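Data block below; observations after.
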Amino acid sequence: MRDIVPHPAPPSDTHCTPEQYDVMYRRSIEQPDAFWLEQAECLDWSRKPAKGGEWSFDPPQIAWFADGRLNLCHNAVDRHLPSRGDAKAFLFEPDDPSTPTRSLTYRELHAEVVRMANALKTLGVRKGDRVTIYMPMIVEGAVAMLACSRIGAVHSVVFGGFSPESIAGRIMDCESRFVITADEGLRGGKAVPLKANVDAALDLPGVAVDGVLVIPHTGADVPMRAGLDHWYADLASDADCPCEDMAAEDPLFILYTSGSTGKPKGVLHTTGGYAVWAAATFRYTFDYQPGEVFWCSADIGWVTGHTYVTYGPLLNGGTSLIFEGVPNYPDHGRFWQVIARHEVAIFYTAPTAIRALMREGSRWVTPHARSSLRLLGTVGEPINPEAWRWYHDVVGEGRCPVVDTWWQTETGGHMITTLPYAHDMKPGSAGRPFFGVEPLLVDAEGTPVTGDGEIEGNLCIARSWPGQARTVHGDHARFTEAYFSTFPGKYFTGDGARRDADGYWWITGRVDDVINVSGHRMGTAEVESALVLHPKVAEAAVVGYPHDIKGQGIYCYITLMEGNEGSDDLAAELRQWVRKEIGPIATPDHLHFTDGLPKTRSGKIMRRILRKIAENDYGALGDTSTLADPTLVDRLIEGRQND
Ligand code: ATP
Ligand code: MG
């Protein structure tokens with residue numbers, strides 16, 4: 001039986017009791033415009049919106065608060081100066097715990113954002129321009145985002161683990177003419193050559209930008225190209241820099257998803273709706289109270305870092321911790337040491353990190369004080385109940401509610417989530433829908449699956465919500481195709497789900513083919529494309545397989561060009577190759593050389609078979625009759641067993 005963990009008694013200042021949830025949820029569905037216009041009042045608008053949602057899903061056309069005007073940076077920073085100018089906006093914990101920590105009050109953050117915004121203006125950045133941000137997890141990464149939103153520029157943050165090729169692709173796709181980077185980053189004691197990667201990206205054919213702003217971090221000696229690269233200090237100034245007045249539907253940022261079906265999609269979010277969604281989800285899901293230290297361990301290169309490192313906390317006048325390092329450096333107790341050091345109240349991380357640390361044992365956790373912790377959260381993939389239990393019982397000492405938050409780059413913020421004092425918890429379930437979210441299950445034909453008992457199907461969302469992505473940058477047809485064509489009239493999430501008889505939602509995984517390695521998602525197609533670029537590789541098929549630490553590992557089936565033979569050396573070379581092409585997160589875990597791939601007669605690779613073999617599960621291969629060469633399966637199994 002699935003267990004239930006009762007929610008703690010609601011504190012007197014909670015934002016949402018069980019009774020309030022029922023009333024508010026019903027109102028958010030029955031009177032969505034009134035509900036969201038009311039929620040929008042938590043922001044400062046230069047022109048208050050009178051319009052709520054104006055949208056259609058067939059074809060998709062989405063707007064919220066369209067007649068409103070505001071600036072997001074003003075709302076995240078300036079507006080708090082009179083009331084909480086001396087309160088901490090950011091705390092910073094460096095990669096090496098023996099080097100100094102740092103903190104910024106709202107007043108100091110304001111000064112820093114103004115300096116960076118002025119630097120961007122001097123560089124030539126104007127309203128509407130796209131700016132690529134390729135930064136380590138340091139305060140300046142968030143400052144760069146805020147500086148862009150201050151002057152109305154559209155940021156495109158590229159995760160610092162991506163390769164020059166990936167940066168180049170993203171720069172070209174959104175026609176970004178400016179880059180903000182640092183000399184180097186630091187992760188787990190190792191330097192990450194960020195500036196050098198940007199240089200390499202800009203050396204690739206067809207990539208050209210007008211200016212690169214370089215933030216000194218490690219002090220490494222990096223070559224600067226005259227007329228192109230500029231040190232931050234040379235362009236920064238304290239001159240007055242007013243916030244640009246933006247329409248609610250002006251673009252705020254572009255963020256590339258992993259791209260399961262070809263090249264990554266530049267998901268576009270706009271200003272007003274995203275701001276309301278970030279503010280509301282942060283406030284209710286974490287039941288945030290002023291003064292609490294909030295720590296989201298995600299990188300700002302992912303949407304989780306956008307919404308819950310930068311925007312959500314600051315829109316609520318909160319204190320957000322930025323951590324440069326990794327969970328296992330200098331040892332496996334680092335997360336808990338950081339929590340003790342900064343008296344973190346709310347900790348938000350991914351199941352893959354929880355599993356990795358659980359494996360090292362509770363003895364790394366217990367020496368560090370966790371009395372400051374009030375609430376724990378997870379995001380990124382389904383959490384297995386065993387890891388949930390460990391997180392709740394050991395890390396949270398059994399007293400902290402755990403919120404499991406299901407959402408996507410495209411949703412801007414939480415969609416299905418436990419609310420900490422309103423909902424009992426079921427380990428492994430993401431809980432119930434957030435306000436305004438109407439999940440819907442459909443079968444393969446698109447027919448809604450209904451009923452009071454347990455139901456399962458493809459997870460769709462029936463109506464728009466303010467934080468919804470508006471398009472794929474420069475390719476609205478792809479937006480339509482990816483999310484609104486499989487089940488016309490509905491937003492299709494790409495995930496499968498089950499809703500139990502109590503109304504709790506269980507995400508069963510993605511319906512398509514994406515691998516999730518340590519919480520970093522990438523399309524199998526991207527890894528395959530990288531592999532076949534190697535001169536010795538003829539064809540590649542990549543599948544995920546269970547991996548104790550990473551959640552999923554990358555398993556690559558490879559056929560070689562005539563005259564080549566698989567060897568350990570070639571395997572090492574291919575690993576290196578993929579690292580260079582995509583980045584270290586895409587490093588193959590297992591390479592399986594084979595003389596052929598199982599294909600249908602029409603030439604499609606049968607991935608379900610490859611997945612089973614990678615999983616060492618040969619009993620349930622299913623129908624193999626449509627294979628062009630059925631004998632191949634036996635050879636593949638033999639190859640797997642001989643590993
Ligand atoms: P792409 O759309 O290019 O394939 P992606 O889906 O991997 O990229 P994200 O938007 O970061 O990129 O991830 C969202 C997905 O992560 C969800 O669709 C779901 O599969 C998974 N996910 C996120 N949070 C949870 C959760 N709490 N429980 C279960 N799955 C989750
Ligand atoms: Mg997705």
Side-chain angles (χ1 to χ4, degrees), residues 88 90-104 133-144 157-162 181-195 197 215-220 293-302 304-306 308-310 313 319-344 346-361 364-365 367-370 372-373 376-380 391 395 517-520 549-550 583-585 587:
K88 301 273 192 258
F90 286 124
L91 305 178
F92 173 67
E93 168 73 17
D95 182 57
D96 177 350
S98 66
T99 56
T101 61
R102 189 183 164 198
S103 71
L104 267 82
I133 298 176
Y134 183 68
M135 287 284 283
M137 272 301 281
I138 58 176
V139 171
E140 286 77 4
V143 169
V157 184
V158 177
F159 171 56
F162 276 122
T181 190
D183 48 5
E184 288 182 331
L186 285 175
R187 273 172 76 83
K190 292 193 201 79
V192 185
L194 298 176
K195 171 67 166 64
N197 286 347
I215 318 279
H217 177 49
T218 62
V293 176
F294 175 85
W295 178 21
C296 164
S297 73
D299 193 280
I300 55 160
W302 311 118
T304 307
H306 280 56
Y308 301 109
V309 173
T310 307
T319 304
S320 176
L321 175 82
I322 294 182
F323 174 48
E324 184 181 17
V326 294
N328 57 359
Y329 176 80
D331 63 41
H332 300 291
R334 187 65 192 281
F335 269 6
W336 326 119
Q337 184 205 2
V338 173
I339 286 172
R341 189 177 200 180
H342 297 276
E343 298 185 23
V344 171
I346 304 169
F347 180 53
Y348 188 37
T349 194
T352 179
I354 299 169
R355 280 195 300 268
L357 294 171
M358 176 172 81
R359 202 179 132 119
E360 300 302 329
W364 291 102
V365 185
H368 303 284
R370 275 125 39 244
S372 61
L373 280 177
L376 300 168
T378 81
V379 57
Y391 197 35
V395 176
V517 181
S518 302
H520 298 164
I549 303 288
K550 301 178 180 179
I585 54 167
T587 310

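What you see below is based on every heavy atom in this structure, not just the backbone, and it leaves out hydrogens, waters and symmetry mates. What you see is a predicted model, and the numbers here were worked out from it, not measured in a lab. One-based numbering along the sequence shown.
Judged by distance alone, with hydrogens and angles left aside, the side-chain atoms of R334 form no donor-acceptor pair with the main-chain N or O of N328 at under 3.5 Å. Between the side chain of S372 and the main chain of V344, a donor-acceptor pair closer than 3.5 Å is present. A donor-acceptor pair under 3.5 Å is absent between the side-chain atoms of T310 and the main chain of A142, judged by distance alone. At least one donor-acceptor pair under 3.5 Å links the side chain of D183 to the backbone N or O of G219. No donor-acceptor pair closer than 3.5 Å links the side chain of H217 to the backbone N or O of P136. Of the possible donor and acceptor atoms, one in the side chain of T352 sits under 3.5 Å from a partner among the backbone N and O of I549.
Using a 4.5 Å heavy-atom threshold, the side chains of P94 and P100 count as separate. Looking only at side-chain heavy atoms (C-beta outward), D96 and L186 stay at 4.5 Å or farther from each other. A 4.5 Å side-chain heavy-atom check between T319 and F90 finds every atom pair outside the cut-off. With a 4.5 Å cut-off on side-chain heavy atoms, W336 and L357 count as touching. By the 4.5 Å heavy-atom criterion applied to side chains, R341 and T101 are counted as neighbours. The shortest side-chain heavy-atom distance between I138 and I322 does not fall under the 4.5 Å cut-off. Side-chain contact between I346 and V293 is absent, with no heavy atoms from C-beta onward closer than 4.5 Å. Within the 4.5 Å cutoff, the side chain of F159 has heavy atoms near those of the W302 side chain.
We find the CD-OG distance between E93 and S297 to be 13.0 Å, quoted to the nearest 0.5 Å. Within the model, atoms NE2 of H342 and CZ of F323 stand 9.0 Å from one another, a figure rounded to the nearest 0.5 Å. Distance check, rounded to the nearest 0.5 Å: OG of S103 to CG of L321 gives 11.0 Å. The structure places NE2 of H368 at 12.5 Å from CG of L373, a figure rounded to the nearest 0.5 Å.
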> Which is it for I215 and T181 under the side chain to side chain contact (heavy atoms under 4.5 Å, CB included) test, yes or no, and what are the steps along the way?
Replying inline: CA-CA 6 Å; I215 318 279; T181 190; over 6 Å; no

>> Could you walk me through whether F335 and F347 satisfy the side chain to side chain contact (heavy atoms under 4.5 Å, CB included) test, starting with their C-alpha distance in whole Å, then the side-chain angles of each, then the deciding distance to 0.1 Å, before giving a yes or no?
In response: CA-CA 10 Å; F335 269 6; F347 180 53; 3.4 Å; yes

> Taking it one step at a time, do S518 and I585 satisfy side chain to side chain contact (heavy atoms under 4.5 Å, CB included)?
Replying inline: CA-CA 8 Å; S518 302; I585 54 167; over 6 Å; no

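Under a 4.0 Å N-O distance rule, the pair R187/E324 does not qualify as a salt bridge. Under 4.0 Å is where a charged nitrogen must lie from a carboxylate oxygen, and between E184 and K190 no such pair does. Salt bridge annotation for E140-R102: present, with a cationic side-chain nitrogen under 4.0 angstrom from a carboxylate oxygen.
F162 has its ring centre no less than 6.0 Å from the ring centre of Y134. Aromatic pair W295/Y348: centroids not less than 6.0 angstrom apart.
Taking the six-membered ring where tryptophan is involved, the planes of H332 and W364 are perpendicular, since the angle between them exceeds 60° and thus also 30°.
Of all non-hydrogen atoms in I300 and V157, the two that sit nearest each other are O-CG1, 3.5 Å. Nearest heavy atom pair, residue A369 against residue A340, reads O-CB, 3.4 Å. For the pair V379 and P351, the tightest heavy-atom approach, listed with the atom from each and the gap, is O-CD, 3.2 Å. Considering every non-hydrogen atom in both A182 and M135, the closest pair reads N-SD, 3.8 Å. In terms of heavy-atom proximity, A353 sits nearest to T349 at CB-OG1, 3.8 Å. In this structure, P313 and Y308 approach most closely via the heavy-atom pair CG-O, 3.4 Å.
Partners of K550 by side chain to side chain donor-acceptor pair (under 3.5 Å), not counting sequence neighbours, listed by chain and number: D589.
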